[in-house]
Amino acid sequence: MSNLYAEAYDQSIHDPDAFWGPIAEECHWYKRWDKVLDDSNKPFYRWFTGGEMNTCYNALDLHIDNGIGENTALIYDSPVTDTKREYTFLDLRDEVAKFAGVLAAKNVKKGDRVIIYMPMIPEAMIAMLACARIGAVHSVVFGGFAANELATRINDAKPKVIVSASCGIETKKVIPYKPLLDEAIHLAKSKPESCVIFQRKMSQAELKSGRDFDWDDLMGEAKPHDCVPVKATDPLYILYTSGTTGEPKGVVRDNGGHMVALKWSMKAIYGVDQGDVYWAASDIGWVVGHSYIVYGPLFSGCTTILYEGKPVGTPDAGAFWRVIAEHGVKSMFTAPTAFRAIKQQDPEAKLMKDYDLSAFKILFLAGERTDPDTLKWAETNIKVPVIDHWWQTETGWAIAANCMGLHHFPVKPGSPTKAVPGWDVQVVDPNTKPVAPGEIGAIVVKLPLPPGTLPTLWQNDKRYVEAYLEEFPGYYKTADAGYIDEEGYIYVMTRTDDIINVAGHRLSTGAMEEVLANHPLVAECAVMGVDDQLKGQVPLGFLVLNAGVTESHDKIIKEAIQMVRDQIGPVAAFKTATVVKRLPKTRSGKILRGTMRSIADCKAYKVPATIDDPAILDEIEESLGAIGYGKKAP
Ligand code: COA
Ligand code: AMP
């Protein structure tokens, strides 16, 4: 079939220079690139080498120079503080330039790292863009992580400055951030030179003299800083994401390729253009927030929305409809779990009737598979196309989608549609041989990855190669398994590693096991993701205790749960664990997590031929039944 999608896809794969070069011309460059795709150092591919530009200039100043400085760039909508505030491109540029001056005065230079540990407030975005303005590398850490996780990131990124706020607000709870920050700095080996703290009136933080500085004080005396040209291949940010161990992976994003790919994606994938209102209801701590709350919409001259609230409870399940109607949102992006939460509280979507949603054209979902029930509910009630699309922190933008600006393919429930231009997606067997359509295998992407994707892991080329490039030579391993049907629709079924998706948040069960194993009475443990009606998946823990332990199991379980909360964070949603006598294993000692998961989710499973002792599975079924999982649940 010939359509804009087919033409774009074909050119992007067969002649990437001819595809991405003209797209890059639409951006502002101080110096034009020498090469669009630089493959001189395989398997490390680089885009737009030789080019010089500035991400912040392209997000803000360019629009002012083009005469749309008075357009609204950002709407801050915070039901939790009852605040709404708008910034034009001029307003936002001025704030960002001032904060860039603050950072420069604190000795932050091109290439230095700045950690941003903040709630969903405009100052978080201002800090990110200010880093980009002076060529510093930001690393945003999600607020739901515990001090220990923040400390790990501080040790890896070694920031000169940390920017934080006195507190976050979770529905009605005020969460003080400063004690977590202080604890993290105490735990970390690498210490920042200074911290800039934005004081919120709900909870004032105590500042440590000589190290901590008040945001407002510094802004009051700051000199605006201009944009600093950086190389297209210089890093813009590091975003840590769960790996298969407790050590998170520092995904690096460069400046040039990121700008080009995101600007293109706004129109081609999301169907929006300059002047449109675009809303990603995510958090700036996640990749969705980086790409589609901050950078993508601003590169395109859209109005972006920073929403400090939840889909439900702030104040009710009509919150999303209110935001869409009030700000004239054309295209929205969130995780399916948000819609499951709305559907659970307002199954007939009665609260929608109070709002005029006529400007709303498309809903995009990602972060986890969109289950057909949620898809149908959203389609029936909102009456706009509902587009599932698939991507990862590593990729920075969608690998598979129904590209609404190119061609609208019929939706097949359970599939994020087709590979986006730039992505040569294939399904292969363990020997890297392509499998037949419809057959399940490892989903891989033929190298080179398109612009805007991870060029490496922060100061760790070796781990980058080992984690993503080694298993399937010539391909990027997505660590997702699935299949592609006869018509090229991709189906993403499951992760091939220990990553789980809890309410759209990516977590490692291996990291939770590392924490549980440190409980003095736990001899062995296993954590796996089991189905959950609201969050998609939740972690479930199995503990085998040391011989002779007489303490109450309830007490040990409570302590274990608290340990995960304290060391990983509340976002892990680790709330259920059970004590078992032993874990089912293969004869070579591998824990049969997949089999246990199938038992918990009431799914059919084959008793593995290599199992050490099949009788253990009955014990596991009993234990799961007692905590409400599996066929034996009451
Ligand atoms: N700062 C501090 N704590 C945070 C936090 C933050 N930024 N974000 C979450 N938490 C805490 C929550 O308060 C909660 O703590 P609790 O155990 O004390 O209740 C815990 O982490 C789990 O949070 P969450 O997973 O958000 O669950 P929830 O029950 O509060 O809300 C949903 C459930 C579905 C409404 C919510 O997860 C949601 O809106 N998800 C949208 C998904 C999303 O944006 N994904 C990003 C990728 S697109
Ligand atoms: P994250 O890095 O947090 O974006 O998580 C990436 C992982 O989430 C992917 O590897 C998938 O396992 C899962 N994921 C994201 N989007 C989808 C989707 N649309 N369908 C299925 N799985 C998805």
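We count ligands from 1, going down the list as the structure has it; atoms in each ligand are counted the same way.
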- request: Can you figure out which of P311, A338, G285 has its heavy atom closest to atom 39 (O) of ligand 1?
  value: P311

query: Is there a nitrogen or oxygen of S282 sitting under 3.5 Å from a nitrogen or oxygen of ligand 1?
result: no

- request: Check each of A572, G504, A573, A503 against atom 42 (C) of ligand 1 and report the one with the nearest heavy atom.
  value: A503

Candidate with minimal heavy-atom separation from atom 12 (O) of ligand 2, of T417, T241, D480: D480

message: I need the atoms of ligand 1 closer than 4.0 Å to a non-hydrogen atom of G144, numbered in the order shown.
response: 1 (N), 2 (C), 3 (N), 4 (C), 5 (C), 6 (C), 7 (N)

- request: Look at atom 19 (O) of ligand 1 and find which of K173, E170, H505 reaches it with the closest heavy atom.
  value: K173

task: Output yes when the distance from some N or O of ligand 1 to some N or O of W286 is under 3.5 Å, and no in every other case.
output: no

- prompt: At what distance is the nearest protein heavy atom to atom 24 (P) of ligand 1, and which residue and atom is it?
  reply: K535 NZ, 3.8 Å

message: With a cutoff of 4.0 Å, is M120 in contact with ligand 1, counting heavy atoms of the residue only?
response: no

- prompt: How close does the nearest protein non-hydrogen atom get to atom 41 (C) of ligand 1, and which residue and atom is it?
  reply: T337 CG2, 3.9 Å

query: Please state which protein non-hydrogen atom is closest to atom 16 (N) of ligand 2 and give its distance, to 0.1 Å?
result: G367 N, 3.1 Å

- prompt: Is atom 32 (C) of ligand 1 less than 4.0 angstrom from at least one protein heavy atom?
  reply: no

field: ligand 2 versus H505: contacting region, heavy-atom distance under 4.0 Å
entry: neither

field: Which of the ligand 1 atoms, numbered from 1, are nearer than 4.0 Å to a heavy atom of V571
entry: 21 (O)

task: Please state whether F333 comes within less than 4.0 angstrom of ligand 1, counting heavy atoms only.
output: no

message: Given R506, R369, K249, identify the one with the heavy atom nearest to atom 5 (O) of ligand 2.
response: R506

query: atom 17 (C) of ligand 2: which of M493, E368, E394 has the nearest heavy atom?
result: E368

- request: Only heavy atoms count here, so choose which of A341, P570, A281, A335 is nearest to atom 44 (O) of ligand 1.
  value: A281

task: May I ask you to test the Y9-C403 pair for a side-chain heavy-atom distance under 4.5 Å?
output: no

